[in-house]
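Encoded as structure tokens, the structure appears first; notes follow it.
Just so you know, ligand 1 is whichever comes first in the structure, and atom 1 is the first atom listed for that ligand. Everything quoted here is computed from the prediction, not taken from an experiment.
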Amino acid sequence: MAEETSERPGGSIVTLSEELEKQVAMGAGHLGMSASEIVHAALHQFLQHDPKGNAVYLSAPFDALMKGCYEENTTINDLKRHGNFGLGTFNHLDGEMMMLDGTVYQLKEDGFAHPVSDTVETPFSCVTFFSPTTVEEIHREMDHAGFKNLLDQLMPSENVFSAIRIDAEFSYIRVWSVPKQETHRPISEVRPAVFEYHDVKGTLAGFYTPRFIKSLLNPGYHLHFLTDDRRHGGHLDQCSLNQLTIGVQIIPRLELNLPITIDYLTAKLV
Ligand SMILES: [Zn+2]
């Protein structure tokens, strides 16, 4: 079986880890398929950008984070199996997270952004494979109220998820990030650090969440910001912007992970 797994689909060079090779061999045994068939099927599913097949993946319910479950031990490596785009935070609430084009950035309480390694852990994250259904270019200055109106117009519905990416020039933007916390301190008691920038290019990335899903994910718009030079960022509070390229992806599915940690299993969520 190990020989079969080292076949090279499409003639290209593919190397599987020993662990993955074992899983493929086991799956082949269970499913009565060859290892090649399994690798082909898995890749096909991963690579096709069918919006109906895409999901918003949540590593934990938002309510658990609100109640101070700050250590849920999902690794960035795990997250990347579910998306290349999204947002969240890190264990101990150590800054805001943004995932953009497959790279995860930690937007720290000092206002600086850093790429993080795959072994870093998150208690709450929300990701998807970003493939916009529509892309609009808008060349006019708008303040925060105008920006929110624009988003409202572009959302396909209030009742499904949308992933939103905006690349733009910001004449003004105010963001915040959160300082590292002890577990169990309710998020409402955490004082964020606020940062303001003028005349900066950057990207907003995040989601629209239907209001009835509020215990799982914060409802309405949730967007994180990263500057073009990838050095600064945070959770969007206010902005004025121009020269927007705005991609919106309608997402009709939610994939919810419920953590299996003592903290989560014993949390009083209602
Ligand atoms: Zn946020």
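For Phe124 and Phe62, the ring centers are positioned less than 6.0 Å apart. Here His232 and Phe195 keep their ring centres 6.0 angstrom or further from each other. Aromatic pair His198/Tyr172: centroids less than 6.0 angstrom apart.
Nearest N/O/S atom of His224 with respect to the Zn ion (ligand 1) is recorded as NE2. Looking only at N/O/S atoms, His222 comes nearest to the Zn ion (ligand 1) through NE2. The Zn ion (ligand 1) sits nearest to atom ND1 when only the N, O or S atoms of His235 are considered.
Through side-chain heavy atoms spaced under 4.5 Å, either directly or across other Ile, Leu, Val, Met, Phe, Trp or Tyr residues, Val104 is tied to Tyr57, Ile76, Leu79, Phe90, Met97, Met99, Val116, Val120, Val127.
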